[in-house]
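Numbers restart at 1 for each chain; the letters A, B, ... are given by sequence-line order, proteins then strands.
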Amino acid sequence: MDQPDTFQHRIWQIVAAIPYGRVATYGDVALLAGSPRAARQVGGVLSRLPADTTLPWHRVVNRHGTLSLQGERLLCQRDALASEGIEISDDGQLDLASWRWQF
DNA sequence: TGAATGACAAATT
DNA sequence: TAATTTGCCATTC
């Protein structure tokens with residue numbers, strides 16, 4: 001099983017701290033995790049999340065304010081964000097200047 | 001143990 | 001200005 005102090009576990013803690021109705025970038029999460037260059041690992045961790053997780057992974061977007069996912073996962077994230085009051089453009093892009101989590 | 005992978009980001013062409 | 005390539009870092013095979 002996973003160690004209690006792994007990067008993965010730290011990512012979970014940070015993503016869980018994202019306030020409702022806000023979004024954070026992979027780079028921000030990586031920065032808070034202690035590795036500003038580990039943005040890829042953030043995505044890697046979220047990609048391995050269990051289906052029954054309570055983690056608000058849908059609040060994590062790339063630095064362009066777009067969703068890097070594809071297919072059904074992308075639709076699920078867009079729907080989840082819309083449910084929180086976050087408006088997304090037709091191109092799947094949201095206004096980071098307005099929705100980005102300021103910490 | 002080593003090589004490959006990946007839900008990003010920045011630099012370069 | 002836009003598109004492409006390289007670099008990063010932890011996890012996985």
Given atom [atom1] of [X] and atom [atom2] of [N], what is their separation to the nearest angstrom?
X: A:R10; N: C:dC9; atom1: CZ; atom2: C1'; value: 13 Å
X: A:R48; N: C:dT12; atom1: CZ; atom2: C1'; value: 7 Å
X: A:I11; N: C:dA10; atom1: CD1; atom2: C1'; value: 10 Å
X: A:L31; N: C:dC8; atom1: CG; atom2: C1'; value: 14 Å

Touch class at under 4.0 angstrom, heavy-atom based, for A:S35 against every strand present: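 Sugar-phosphate contact only - A:S35 comes under 4.0 Å of backbone atoms but never of a base.
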Sugar-phosphate, base or nothing in reach of A:R73, heavy atoms under 4.0 Å: nothing
N or O in side chain of A:T6 less than 4.0 angstrom from C:dA10 OP1/OP2: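 So the side chain of A:T6 is outside the cut-off, no N or O lying under 4.0 Å from OP1 or OP2 of C:dA10.
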Find the distance between [atom1] ([X]) and [atom2] ([Y]) and round it off to the nearest 0.5 Å.
X: A:C76; Y: A:L67; atom1: SG; atom2: CG; value: 11.0 Å
X: A:D95; Y: A:S89; atom1: CG; atom2: OG; value: 8.0 Å
X: A:R48; Y: A:I11; atom1: CZ; atom2: CD1; value: 14.5 Å

Note, A:L94 side chain near A:V23 side chain (heavy atom, < 4.5 Å):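 Side-chain contact under 4.5 Å: yes.
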Contact pattern, 5' to 3', of nucleotides 8-13 of chain B - B, S or - by protein heavy atom under 4.0 Å: BSS---
Counterpart residues, side chain to side chain contact (heavy atoms under 4.5 Å, CB included), relative to A:R100 (two or more places apart): A:T25, A:D28, A:L96
Residues in side chain to side chain contact (heavy atoms under 4.5 Å, CB included) contact with A:L75, at least two apart in sequence or another chain: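 Not a single residue meets the side chain to side chain contact (heavy atoms under 4.5 Å, CB included) criterion with A:L75.
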Pair listing, salt bridge (charged side-chain N to carboxylate O under 4.0 Å, His left out) test, anchored in residues 57-71 of chain A, at least two apart: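 Listed once each, the pairs are A:R59-A:E84.
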Selection: residues 85-103 of chain A, any non-hydrogen atom under 4.0 Å of DNA chain B: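 Those residues whose heavy atoms fall under 4.0 Å from DNA chain B, taken from residues 85-103 of chain A, amount to none.
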Pairs involving residues 73-103 of chain A, ordered by first then second residue, that meet ring-ring contact (aromatic ring centres under 6.0 Å, His included) (sequence neighbours left out):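 Sorted result for residues 73-103 of chain A: A:W101-A:F103.
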